[in-house]
Amino acid sequence: MDELREIMITTDEIKTDEYLINMGPQHPSTHGVLRLLVQLEGEIVHNVQPHVGYIHSGIEKMAESLSYPQIGHLTDRMDYLSAHQNNEAVALCVENALQVEVPERVKYIRTIMSELSRLASHQLWWCVMGMDMGALTTFFYGLRDREDILDIFEETCGARLTVNYSIPGGLMFDIHPNFQRDVKAFIKKFKTKLPEYDRLLSGNVIFTERTKGVGFLSKEDAIAYGVTGPTGRASGFSCDLRKHRPYSAYDKVNFKEILSDVGDTYARYQVRMAEMWESMSIIEQLIDNIPEGDYAVKMKGVVKLPEGEFYQRVETARGEFGVFIVSDGKKNPYRVKFRSPGFSNLFAINHIAKGWKIADLVAIMSTFDLVIPDIDR
Amino acid sequence: MAFNIYDFTTLTKSIHEGLSSQFSPTATLAIEWTIVGLAYLLFVALFGLFLVYAERKVCAAFQQRMGPMRVGPWGLLQTIADFIKLLMKELIMPKNADKFLYNLAPFIVIIVTFMVISVIPFAPGLATFDFDIGVFFVTAVSSVGVIGILLAGWSSNNKYSLIGAMRSGAQIVSYELSVGLSLITMIILAGTMQISGIVEGQRDMWFIFKGHVPAVIAFFVFVIAGTAETNRGPFDLAEAESELTAGFHTEYSGIKFAFFFLAEYINLFIVAAMATTVFLGGWMPLHFGDFDSFNQIMDLMPGLFWFFFKVLGVMFLMMWFKWTFPRLRVDQILNLEWKYLLPINLFNILLMAAVVLFGLHF
Amino acid sequence: MTNEALIAAIDKIGAEAETRQGAQYVETFVPFAKMHGFMKHLKEDDNLAFDYLICVSGVDHADHMQMVYHLESTKHNHMMVVKVKTDGRETPAVDSVTDLWPTAEFHEREAFDLLGIHFNNHPDLRRMFLDDNWGYPLRKDYKDDIHIVSR
Amino acid sequence: MKSIIAYITEILKGIWTLLTGMKVTAKYFFTPWKHVTQQYPENRKTLKIAERFRGEVIMPHNENNEHKCTGCGICEINCPNGSIEIITKSLILEDGKKKRAIDQHIYHLGMCTFCNLCVKACPTGAIVMGQNFEHAVWDRSTLTKVLNQPGSKIMEGVKD
C-alpha cells in the first residue's frame, strides 16, 4: 500500500512541457476571427489569452462623424444577432436625452422585436453549440427554425439580419399587416420544435457528461468580471435589465428572470433554453395587445442632443449592452462608447477554462455565445 | 442447394482452368494476382466514392437537406468531381515535416485497409484469403492502421495533428480490446476462427439470433467499438474539427488527403463487413431453422445482395450515430471503454460460454 | 437607497470628491491622485457596495482626458458614475482599478489602445485591437489620411 | 449489489437518452420530402421576396419617363456612408426663373448598407427600395448607378 502511495505521489510530480497553440484567427470554433493563445500541457489548458482586433472596424470613431440616426445602423453590424436590441439602445439613449416620449405602440413593437431577435440569437447559439460539441445535425435544425423569424423580420423590417428597425423617435416602418399572424404561427410551431431540441441534445447522455460540472464560474467572479446575460445569470448573477431597469414595454409583462446557481456549462445551456420559453411567453402576452397609434413621433430633420453625457443600458441576447454618448450639442456625438456584452464576457474565459481540457474550452466558449464584431467593434 | 447458382466458385474455377491451359503455373498465378489486385483497387475506389456520396445523402436526409444536387442527376457525379479535384490539387508539405514519414503515413493507412479487406467473403466463392485465423488476422492487421495515423500526426510538425494522433492512438489501443473481445464472444459460439467456417456455421440461422442475448450485446459492443476504431463520430476525436481543425490530417492535401479520406470510408465498410460476417451471417440469406419454404424464398436472392444489404444496413446505423450524437471528450472515451465496454464484454464472454456450454443457443 | 442618501453616503468618503445628481445618475468627480482610494471605498463600503463595474470609457476633452466609470451595486441595485480627469492630455495617467474589479483590466487596455491613457499598476497594459506603433485613434487630433475619408 | 444495479440503470438510462435523440433524427430521415433546402436559381419564379425587402435603391419612373426627384440632396446628407451623390443643374423656366433640378442621382451600390435612411428622409418619395437582390457583377464599376433615367424629367406638381 505504501509503495502504491509513493507511486501516486511521483506521478503528480511528472511534468511534461507546456506548449502553446493558436486557436484562431481561423478556427472552426472561435466563431469568427478571434484568436486564443492557449497554453497546454497535454490536453489540459493552463492559460488562455484572447487576442482580439482582427476585425476592429472603428465603429466608435466612425460614429463621431455621423448623425444619431446613422449611428443606429452601425450598431446592427456589431452584434449582428442582437441587431434590434442594439438599435433600440441607441434609439432609447437619444430619446432619453431629448426627453421624447414614444407612443405605446412603439414600445410594444420594440419589445416584441427584441424578444424575437433574442429567440433567433438563442436558436443560432443552440445550433452552433451542438456543432461545437460535434453534433452537426443540430446546426440545421436550429437554422431551420431561425429562418421563420428572419422571414418575419424581412417582412416587417425589410432586412433579415441588419434590420435597422428602431430609430430615434420610433420605428422605421409600422408593422406589416401579416406580422401578428406570422408571429403567432411561429410561436405555435416553435413550441413543438423546442422540446425536440431537448430530446436531441439536452437530454443526451454524451452532452450532459460533457457539460455538467465543467467550467464553473462563481457568482462573485461573474460580477467581478462583469459577465452578464445568460452567462452571468447561470452563475446566479441577477443581471437581467429587463427586470431590474425595465425599458420599453418590459414593465407591462410577466416573466421570470431565469437564474441558476450552478454556474457550469450545462447551467449556461439550460438558462438559454429556458429563456427561449420566457421570450415566447413575453411575445404571447404582447402580440394581441399592440395598441393603436403612431409608429413614430415626428423628429426634427437634424437630431441634436443637448450637451451632456447619456448612458443607456439594454439587455441583448448576450448580456448587458450599453451606449454611452457624450454630446457637445452638435448633430454629431462628441464621443460614443459601446459597452458590449461579449467584450466583458470573453475576458472571463481564462478564469473559467483554466484546468479543463481543450474540448471543454470549446464547450465553454460555445456557452459564452460570442459574436466577434461585438467584441472588436 | 438452391443458392449454388449464385456461387462464384464456378466462375473463379473456370477462369483458373482457362488460364492454366494457356500459361505455365507461375504465370497463371501472376495473372490471377494481378486480376485480383486490380479488382480490389477498383472495388475500393468505386465503393469508396459511392460511400462518400451515400454518407452525404444520408447526412443530408437527417438534417432535412437534399445533399449534393448539382453535379449529375441528384448529384450522382459529385464525388467523382471531388475526386478529380483532389487529384489535381497541389501536394503541400510543411517545411519542417519529416519528409519520409509524412509521405509514408497515408500509404500505411491505405495498405492496411487493403490487407483487411482481402479476407472478407463477399459472396460464396468470392473471398481471396481464407485462413484458419481469419478473425484474428482482421483484428491484428486493422490495428496497424493507427501507426499510419500516429506517423501522420507526428511527422506533420503541427501541434493540432500531434494532439489528434495521440488521441487516436489512445483511443484505438483501448478499443481494439473491445473489438477483439466481442469477436471472441462470437468465436466461442462459432467454434472456429476461420471466416468461411463462421459464415458456414450460420447456414441455419445467423449468429445474432442463434446466440440471442450475449450475441446481441456483443453485436452492439462491436458496432460501438468499431465506430470508435474507424475514428468516426461520435468518436471522431482524432479529427474533431471544432477542436483540432482537422486533427491528424490537417497538413495533408490533394491525393494524400484523399487516401486518408478513402481509408476512413473503407474502414467503415470493413467494420460493417466484419459485423455482417460474424453476427449477421455474411452472405448467408435469412434462414430460420426448419421453415423450408421461407428459407427457399430467401435463397432466391443472391449472396452478394445479402452481403451488401446487411453491410449497408450496419453502415447506416453507424452514420445514424454520427449524425445524431455529440462528440465525446478524450477522457470520457477511455472511461466508456474501460469502465463500461470492457466489463460488459468480459461478463458477456462468460455468459456466452455458459450459453454454449449448456446448449442454450438455438 | 435614494439618490440623496447615496450622495450623502458618497460625500462621507471625502477624498475631495464632488458629487451631484446628474441628468440620469449620481455623478462624482474625483481628482486622479485620490481616485484609487475612493474607488476602493465605493466597493468595500457596505452601504455603497458597488461591486459591478459596468463600463469604463475614456473621453478626450480638449485640454484633458476623462475616464468615466459606470458602477452598479448588485446588492442595493443603485448606480453611479465616477469621472476622473487626467492631468493634461499628452501623457495622461490614472490609477488602474483592476485589483478592485478584474473586468477593468480589459476595459482599461481598450482605453489605453484607443486613447493612449496610461494606467498605473495595470498588470498587463498592452495594445488590444491595434498595432503597437499605431496612433491613438479616438483622440480628437488623430489624423489618418488613408483610412479616414472625410466628406 | 446496489452499486451494480446503479451501474446497470445508469447504462440503460444513457442508452435511452441516446435512443430518444436517434428517434428525432430518424423522424426527419424517413420524411425526406419535408426538407428545408430551396434550390435557389431553379426556384426563382416561385421565390417570394417581401415587399419591404431592401435590395437596392431605385427611382421609379412613370410611363412618361418622369420621376419625383427634385434634387434637394436630403438623401445625400442622410446617407451614412456616402453612397449617394446628387449632381444638380439649373433649369430656366418659361417665366424666366431659374429652378434647381436633378442632373444625375448617382448611387454607389457597392457602398450601400441598405439602412433605408435615404428613403425615409426623401421629402417627395422619389426613391424607394427595390427587391432585386442579385447584384453580383464582374466589374465593380458597374455597381455605380445613375438612378434617374436619361432624358427623364420631374413629374408635374412635385415640389420641395
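First the proteins, then the strands, lettered A, B, ... as listed; each starts at 1.
- We find the CG-OG1 distance between A/D198 and D/T17 to be 12.5 Å, quoted to the nearest 0.5 Å.
- When the candidates D/T25, D/I15, D/L19 are compared by the number of heavy-atom contacts under 4.5 Å with chain A, D/T25 comes out ahead.
- Neither the backbone nor the side chain of D/Q131 has a heavy atom closer than 4.5 Å to any heavy atom of chain A.
- For residues 150-158 of chain A, the interface with chain D (any heavy-atom pair closer than 4.5 Å) comprises A/E154, A/E155, A/T156, A/C157, A/G158, sorted by residue number.
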_Quick one, D/N81 with A/M62, criterion side chain to side chain contact (heavy atoms under 4.5 Å, CB included). Give me CA distance, side-chain angles, the key distance, then yes/no._
CA-CA 10 Å; D/N81 34 34; A/M62 256 194 274; over 6 Å; no

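- Within residues 29-49 of chain D, the residues having any heavy atom under 4.5 Å from a heavy atom of chain A are, by residue number, D/V36, D/I49.
- Looking only at heavy-atom pairs under 4.5 Å with chain A, the residue among D/I74, D/L18, D/V119, D/V24 that has the most is D/V24.
- Contact of the A/H73 side chain with the D/T113 side chain is registered, since non-hydrogen atoms from C-beta on lie closer than 4.5 Å.
- The contact between A/R199 and chain D is made by backbone and side chain atoms together, counting heavy-atom distances below 4.5 Å.
- Under a cut-off of 6.0 angstrom, the local environment of NZ in A/K193 is crowded, with over 12 non-hydrogen atoms contributed by other residues, nucleotides or ligands.
- Shown here for A/M172 and D/K120, the closest heavy-atom pair between the two residues is SD-CD, 3.4 Å.
- Residues of residues 55-69 of chain D having a heavy atom under 4.5 Å from any heavy atom of chain A: none.
- With a 4.5 Å cut-off on non-hydrogen atoms, A/V163 touches chain D through its backbone but not through its side chain.
- With a threshold of 4.5 angstrom between heavy atoms, A/L74 does not approach chain D through any atom at all.
- Counting heavy atoms from C-beta outward, D/Y28 and A/T137 have side chains that stay 4.5 Å or more apart.
- In this structure, the portion of D/K27 lying under 4.5 Å from any heavy atom of chain A is its side chain and not its backbone.
- The ring-ring contact (aromatic ring centres under 6.0 Å, His included) search around A/F207 returns A/Y269, not counting sequence neighbours.
- Counting heavy-atom neighbours within 6.0 Å of D/K23 NZ, excluding the residue itself, gives a total of 12 or less.
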*Where do D/N116 and A/F173 land on the side chain to side chain contact (heavy atoms under 4.5 Å, CB included) test, with the steps shown first?*
CA-CA 10 Å; D/N116 204 41; A/F173 314 102; 3.0 Å; yes

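- The two residues A/Q70 and D/N78 have their closest heavy-atom pair at NE2-O, 2.6 Å.
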